[in-house]
Participant: 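Quick one: this structure, given as structure tokens, is what I'll be asking you about.
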Number of protein chains: 4
Amino acid sequence: MFMRKSKMSLIFQAAIDVFSEKGFDKATMDDIAARANVAKGTIYYHFKSKEELFLFLVEEGVEVLRDGVESKLMPELSPTEKLELIVREQINFFGQYRDFCVILLRETWGGEERQLEFRKMIRSYMYLIEQVIQQGIEAGEFHPVNAENAGSGIFGMIAISALHILLGQNAYDEEALFQDMKRMVFSGVVK
Amino acid sequence: MFMRKSKMSLIFQAAIDVFSEKGFDKATMDDIAARANVAKGTIYYHFKSKEELFLFLVEEGVEVLRDGVESKLMPELSPTEKLELIVREQINFFGQYRDFCVILLRETWGGEERQLEFRKMIRSYMYLIEQVIQQGIEAGEFHPVNAENAGSGIFGMIAISALHILLGQNAYDEEALFQDMKRMVFSGVVK
Amino acid sequence: MFMRKSKMSLIFQAAIDVFSEKGFDKATMDDIAARANVAKGTIYYHFKSKEELFLFLVEEGVEVLRDGVESKLMPELSPTEKLELIVREQINFFGQYRDFCVILLRETWGGEERQLEFRKMIRSYMYLIEQVIQQGIEAGEFHPVNAENAGSGIFGMIAISALHILLGQNAYDEEALFQDMKRMVFSGVVK
Amino acid sequence: MFMRKSKMSLIFQAAIDVFSEKGFDKATMDDIAARANVAKGTIYYHFKSKEELFLFLVEEGVEVLRDGVESKLMPELSPTEKLELIVREQINFFGQYRDFCVILLRETWGGEERQLEFRKMIRSYMYLIEQVIQQGIEAGEFHPVNAENAGSGIFGMIAISALHILLGQNAYDEEALFQDMKRMVFSGVVK
DNA sequence: TATGAATGAGGATTCATTCAT
DNA sequence: AATGAATGAATCCTCATTCAT
């Protein structure tokens with residue numbers, strides 16, 4: 001995921017695996033070193049600390065999500081089309097980077113410096129949604145809602161639903177989830 | 001929150017504070033003991049381990065949410081009315097037990113035994129939503145959607161939006177959030 | 001074993017069980033209280049400390065062994081007859097009070113005050129053997145050996161052999177062990 | 001004793017000292033680290049746990065005893081000569097490794113996994129004695145006795161006598177003890 | 001006499017980080 | 001660039017003992 005080169009990429013990949021499996025605190029540098037087939041000292045050659053490694057990793061990940069979506073939001077699309085695209089892309093991202101998403105949902109809530117940082121990153125993604133919502137409202141395509149609430153709501157709805165499935169027993173049927181999420185985002189549940 | 005009596009309630013309250021501030025792993029029994037003004041051993045007199053204390057605490061919390069909502073879902077209400085009630089209650093709960101909700105969203109994702117347990121508990125709450133969705137569909141009031149996806153989606157939408165505000169700078173305006181969430185859940189964003 | 005009355009005897013018996021099962025250090029006052037069906041405080045009502053309880057218990061036990069043997073060493077018996085009696089009695093005691101004997105062999109070696117005390121107690125039993133040896137030598141019935149070495153040697157030979165069997169899989173055949181020990185003590189192994 | 005190299009040998013030696021002085025339970029890793037002039041973590045770098053360190057140490061010790069004796073039991077020796085050699089060697093070993101022998105006698109009795117393990121190790125030494133006894137019986141040099149009883153008996157006789165002296169006030173006169181033990185093992189006490 | 005909640009010192013173990021090679 | 005032995009602060013948990021009832 002989000003490759004670099006050589007030893008560094010090994011460490012990077014191993015870090016994602018281990019952090020998502022155990023969470024930030026329970027993951028150990030030994031774990032990561034072992035998974036990367038690298039001596040522990042080597043990690044410290046490339047990253048100043050566990051914290052830094054983690055931060056770097058999450059930064060990259062959110063960037064991939066945000067930039068991936070952003071690059072597809074062509075200006076010629078209508079707000080409704082854009083919204084549909086966002087729903088589809090986020091579902092796809094969660095399926096593809098499940099482990100990373102676990103990290104994200106896990107390490108974001110709390111008052112630590114690191115967690116504030118993470119929320120800012122996520123915010124930068126939610127901002128994309130907000131903008132589309134705003135455009136939709138202005139274009140008269142969408143109901144008037146607080147864009148920030150809508151942004152976090154849509155992100156949260158998809159995120160929790162996706163993880164709920166991904167961490168449960170059932171297979172992750174992206175298309176079905178997409179249909180349901182699209183319907184709910186677009187029209188809600190009440191007829 | 002969710003009182004018990006005497007020393008035990010002191011520990012209980014302190015545990016919520018500390019766990020929500022630091023998360024399960026970073027929270028120490030020393031912290032909790034100090035916060036509760038109790039000797040460390042006293043905690044172990046009442047709870048077998050840090051894990052057990054935590055589990056117990058989360059169990060209680062989810063119960064308060066679930067039972068609180070459940071007790072208000074009078075049979076004479078229509079599915080639409082029930083759904084509205086759920087939205088309102090969950091928003092209210094998040095505002096009232098912010099710290100607990102941070103714990104909940106934080107410690108639920110992952111493969112550890114404890115986390116599976118937590119997801120089961122949350123699931124027991126989401127199940128309430130699913131049932132209402134199902135009733136609504138059967139009554140012809142709701143669009144046909146997969147009830148499970150709708151359940152986790154609605155829970156997630158409200159949860160993330162609420163936390164997003166609660167952990168940000170802005171005041172938690174329950175009524176405004178309720179109006180937005182209700183609109184989104186009921187009608188979506190697209191006109 | 002070595003009864004007292006009422007609550008105290010319950011504690012006493014429980015202490016033997018637990019101490020022999022776990023050793024002095026690993027045995028806890030909680031264990032003992034639970035086994036005796038008594039509140040922990042009650043133990044402290046009867047015994048000043050864990051150490052004291054233990055000391056008392058070992059004292060009693062060694063007394064039972066020593067006094068039991070001593071009372072049977074009638075003056076009219078020949079040294080050889082006395083020696084035979086000692087062998088038989090010690091084997092019998094080990095079979096009857098296996099748990100206590102485990103304690104004895106376990107907690108006797110080392111430099112702590114308590115252990116010195118225990119060795120003194122055991123010494124008081126070995127002294128019986130030494131006296132018989134001395135009598136036998138003086139009567140011309142026994143080879144001239146250092147009585148102290150003979151005393152500890154005979155005690156040790158029987159003790160270790162008995163425990164070896166008692167803690168192994170095989171049944172404790174007292175009569176067979178007696179025959180072997182008697183032969184070895186009396187005539188050694190070389191023809 | 002039983003050297004290794006570098007830090008590890010420091011730990012090893014310190015462990016023997018401390019374990020024999022205080023026993024397994026009372027000995028602390030802090031003690032051992034301090035005695036070895038090593039950080040506590042260093043011990044854990046080399047040994048997984050206190051238990052493992054201890055097990056390793058006892059294993060080595062018993063091996064030294066067993067292999068030392070075994071290597072001297074030349075096939076051309078008669079059973080009687082072999083038995084004499086065993087008596088001498090065991091007495092010598094106890095004198096040389098007093099502290100280790102205290103550990104051995106102390107930590108062997110009980111039902112814990114570790115203790116079973118230890119008894120197996122000791123058994124592997126006693127087995128040497130048993131074989132010699134068996135050979136002696138078959139060669140017509142020894143009285144017919146149960147070899148297992150004789151093995152544990154001889155081991156125990158020497159062990160307890162040796163420790164009795166080593167932990168008492170008197171000097172450890174190996175030659176005198178050897179003469180007495182040899183006489184008792186060979187001919188018993190009765191003329 | 002008897003109880004059991006409360007205590008806090010003590011001990012095993014973990015792990016991020018350093019540093020000499 | 002890479003290594004891995006060494007460190008020691010930090011943390012969970014245990015348990016003998018006390019004491020108010």
Participant: Less than 6.0 Å separating the ring centroids of Phe47(C) and Phe12(C)?
Facilitator: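 Ring-ring flag for Phe47(C)/Phe12(C): false, centres at least 6.0 Å apart.
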
Participant: Provide, to the nearest angstrom, the distance between the CD1 atom belonging to Ile32(A) and the C1' atom belonging to dG4(F).
Facilitator: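 Ile32(A) atom CD1 is separated from dG4(F) atom C1' by 17 Å.
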
Participant: Give the dot-bracket string for DNA chain E, reading 5' to 3', where a pair is Watson-Crick or G-U wobble with both distances under 3.5 Å, ( ) marks pairs inside the strand, [ ] marks pairs crossing earlier ones, | marks a partner on another strand, and . marks unpaired.
Facilitator: .||||||||||||||||||||

Participant: Between Glu107(B) and Arg119(B), is there a salt bridge with N-O shorter than 4.0 Å?
Facilitator: no

Participant: With Glu117(B), which residues qualify under salt bridge (charged side-chain N to carboxylate O under 4.0 Å, His left out), at least two apart?
Facilitator: none

Participant: I need the CZ-C1' distance between Phe54(C) and dA16(F), as an integer number of Å.
Facilitator: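 Rounded to whole Å, this separation is 15 Å.
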
Participant: Using the closest heavy atom to pick a nucleotide of DNA chain F for each, name whichever of Lys48(B) or Ile43(D) lands nearer the 5' end.
Facilitator: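 The residue whose closest nucleotide sits nearer the 5' end is Ile43(D).
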
Participant: Given atom CD1 of Ile11(B) and atom P of dA6(E), what is their separation to the nearest angstrom?
Facilitator: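 It works out to 7 Å between those atoms.
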
Participant: So that I know where these two stand, are Phe100(D) and Phe19(D) an aromatic pair - ring centroids less than 6.0 Å apart?
Facilitator: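 Between Phe19(D) and Phe100(D), which both carry aromatic rings, the centre distance is not below 6.0 Å.
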
Participant: Do the side-chain N or O atoms of Tyr44(D) get closer than 4.0 angstrom to the phosphate oxygens (OP1, OP2) of dT14(E)?
Facilitator: no

Participant: Answer whether the closest heavy-atom distance between the side chains of Ile103(A) and Asp99(A) falls below 4.5 Å.
Facilitator: no

Participant: Calculate the interatomic distance between Leu10(D) atom CG and dT7(F) atom P; express it in whole Å.
Facilitator: 10 Å

Participant: Do the side chains of Arg35(C) and Glu21(C) get nearer than 4.5 Å, heavy atoms only?
Facilitator: yes

Participant: Do NZ/NE/NH1/NH2 and the carboxylate oxygens of Glu112(D) and Lys22(C) come within less than 4.0 Å?
Facilitator: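 A salt bridge is absent here (no side-chain N lies under 4.0 Å from a carboxylate O).
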
Participant: Is there any protein nitrogen or oxygen under 3.5 Å from a nitrogen or oxygen in nucleotides 8-11 of chain E, and what are the pairs?
Facilitator:
| residue | atom | partner | partner atom | Å |
| --- | --- | --- | --- | --- |
| dG8(E) | N7 | Gly41(B) | N | 3.3 |

Participant: To the nearest Å, how far apart are Glu51(B) CD and dC13(F) C1'?
Facilitator: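 Glu51(B) atom CD is separated from dC13(F) atom C1' by 14 Å.
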
Participant: Return the value, rounded to whole Å, for the distance between atom CG of Asn37(C) and atom P of dG4(E).
Facilitator: 11 Å

Participant: Take atom CG of Leu53(A) and atom P of dC15(E), then tell me their distance rounded to the nearest Å.
Facilitator: 16 Å

Participant: In whole Å, I'd like the distance from the NZ atom of Lys22(B) to the C1' atom of dT11(F).
Facilitator: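 These atoms are roughly 12 Å apart.
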
Participant: Between Arg114(A) and Glu52(A) (salt bridge meaning N to carboxylate O under 4.0 Å), is one present in this structure?
Facilitator: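 Here Arg114(A) does not pair with Glu52(A) in a salt bridge, since their nearest N and O are not under 4.0 Å apart.
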
Participant: Would you say Tyr45(C) places a side-chain N or O within less than 4.0 Å of OP1 or OP2 belonging to dA2(E)?
Facilitator: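 No, Tyr45(C) has no side-chain N/O under 4.0 Å of OP1/OP2 on dA2(E).
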
Participant: Does Arg106(B) make a cation-pi contact with Phe24(B) (under 6.0 Å, within 45 degrees of the axis)?
Facilitator: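 Geometry flag: not set, cation outside 6.0 Å or 45°.
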
